[in-house]
Number of protein chains: 2
Amino acid sequence: MNQEIWTIGELARTFGITTRAIRFYEHEGLLHPERDGQTRIYRPRDRVRLKLILRGKRLGFSLSESRELINMYSPDADNRDQLEALLDKIDDRRRQLEQQKRDIAAMESELNEVEQRCRDALAERA
Amino acid sequence: MNQEIWTIGELARTFGITTRAIRFYEHEGLLHPERDGQTRIYRPRDRVRLKLILRGKRLGFSLSESRELINMYSPDADNRDQLEALLDKIDDRRRQLEQQKRDIAAMESELNEVEQRCRDALAERA
DNA sequence: TTTGACCTTTACGTAAACGTAAGGCTTGTT
DNA sequence: AACAAGCCTTACGTTTACGTAAAGGTCAAA
């Protein structure tokens with residue numbers, strides 16, 4: 001398991017997803033595993049991509065958003081316009097992450113309130 | 001606009017969504033506006049709920065997850081078991097938010113790296 | 001009075017993200 | 001030799017979260 005290649009089933013077990021999901025990500029152009037005959041072979045590169053996809057999902061990203069992010073990490077930008085467009089996208093993402101941090105903070109403080117009320121109710125009935 | 005009641009169209013404009021979406025949230029049991037004849041009337045309570053729904057969406061929550069959260073805020077829990085189940089749910093949510101914060105931090109540092117490489121590439125071609 | 005801007009319900013359509021067979025090839029084990 | 005495990009492709013089904021008409025009621029301004 002500590003090697004540099006994995007089967008689709010190994011990755012599925014590792015990340016708690018189905019092989020169907022992994023094949024679907026490939027179909028959507030997010031993964032490009034090699035092949036040994038028919039069988040897919042996953043190297044660290046695609047394993048990292050899979051991690052990025054799952055992280056994106058935990059943050060509510062769609063697969064196409066994750067694809068854009070992944071493409072940002074391995075950019076094919078070679079002219080000034082593309083590079084500046086990339087910088088703009090980076091800023092957009094940052095702004096979204098800032099918004100998410102605000103949302104998380106708000107939700108956390110509300111959870112604190114609810115917990116307090118909940119504990120008060122439990123104390124009353126003691 | 002600074003009153004205590006709103007129409008569905010006003011809310012839609014305010015939050016940049018469609019009236020269809022708002023009606024859908026009601027159909028899914030997340031909103032319960034009053035009626036003036038046929039016409040829906042929204043008071044602060046449902047406006048707050050709508051805000052919570054949209055915040056949940058920004059964090060990648062499904063509507064049923066948002067519904068659960070909203071129900072946590074206005075709990076009908078009256079016995080010990082329900083209250084303790086509620087505390088467990090609060091803990092689950094907190095853990096998820098912690099994970100999201102880690103994910104955001106990782107993504108931010110990666111965005112920093114990409115930006116740096118991007119700026120380097122722009123400098124080279126100056 | 002008729003037009004426009006709202007509101008309503010009902011209902012079919014759609015994109016995303018897989019789930020779930022069905023059928024078949026390979027390969028190691030009993 | 002036969003069976004289980006794991007891989008493959010193809011393809012139809014499902015859930016979520018709305019979009020998009022269609023058909024109609026209300027009400028104020030022109």
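Proteins get letters first, then strands, A, B, ... in listed order; numbering begins at 1 in each. As the structure is a prediction and not an experimental result, all values here were calculated from the model.
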Novice: Quick one: side chain to side chain donor-acceptor pair (under 3.5 Å) partners of Glu108(A), sequence neighbours excluded?
Specialist: Lys101(B)

Novice: Shoot me the first and last contacting nucleotide of DNA chain C against chain A, ordered 5' to 3', at under 4.0 angstrom to non-hydrogen atoms.
Specialist: dA17(C) to dT20(C)

Novice: Please enumerate all residues that pass salt bridge (Lys or Arg N to Asp or Glu O under 4.0 Å) together with Arg45(A), with sequence neighbours excluded.
Specialist: none

Novice: Kindly write out the residues that satisfy side chain to side chain contact (heavy atoms under 4.5 Å, CB included) with Ser66(A), not counting sequence neighbours, or none if the list is empty.
Specialist: Phe61(A)

Novice: With sequence neighbours excluded, what pairs up with Asp81(B) under the side chain to side chain contact (heavy atoms under 4.5 Å, CB included) test?
Specialist: Asn79(B)

Novice: Using the test side chain to side chain contact (heavy atoms under 4.5 Å, CB included), find all partners of Arg58(B) that sit at least two apart in sequence or belong to another chain.
Specialist: Gln99(A), Asp103(A), Leu54(B), Arg55(B)

Novice: Output all residues satisfying salt bridge (Lys or Arg N to Asp or Glu O under 4.0 Å) with Arg117(A), sequence neighbours left out; order by chain, then residue number.
Specialist: none

Novice: Please name all residues satisfying side chain to side chain contact (heavy atoms under 4.5 Å, CB included) with Arg67(A), sequence neighbours left out, ordered by chain then number.
Specialist: Glu28(A), Leu30(A), Ser64(A), Asn71(A)

Novice: So if I take residues 16-36 of chain A and measure heavy-atom distances to DNA chain D, which residues fall below 4.0 Å?
Specialist: Arg20(A), Arg23(A), Arg35(A)

Novice: Roughly how far apart are Leu83(A) CG and Arg119(B) CZ, rounded to 0.5 Å?
Specialist: 10.5 Å

Novice: Taking only residues two or more places apart in sequence or in another chain, which ones pass salt bridge (Lys or Arg N to Asp or Glu O under 4.0 Å) with Asp46(A)?
Specialist: none

Novice: Can you list the residues that meet the salt bridge (Lys or Arg N to Asp or Glu O under 4.0 Å) rule with Lys57(B), with sequence neighbours excluded?
Specialist: none

Novice: So which of residues 61-71 of chain A are in contact with DNA chain D, with a heavy-atom cut-off of under 4.0 Å?
Specialist: none

Novice: Measure the distance from CD1 on Ile41(A) to P on dC7(D) and round it to the nearest whole Å.
Specialist: 12 Å

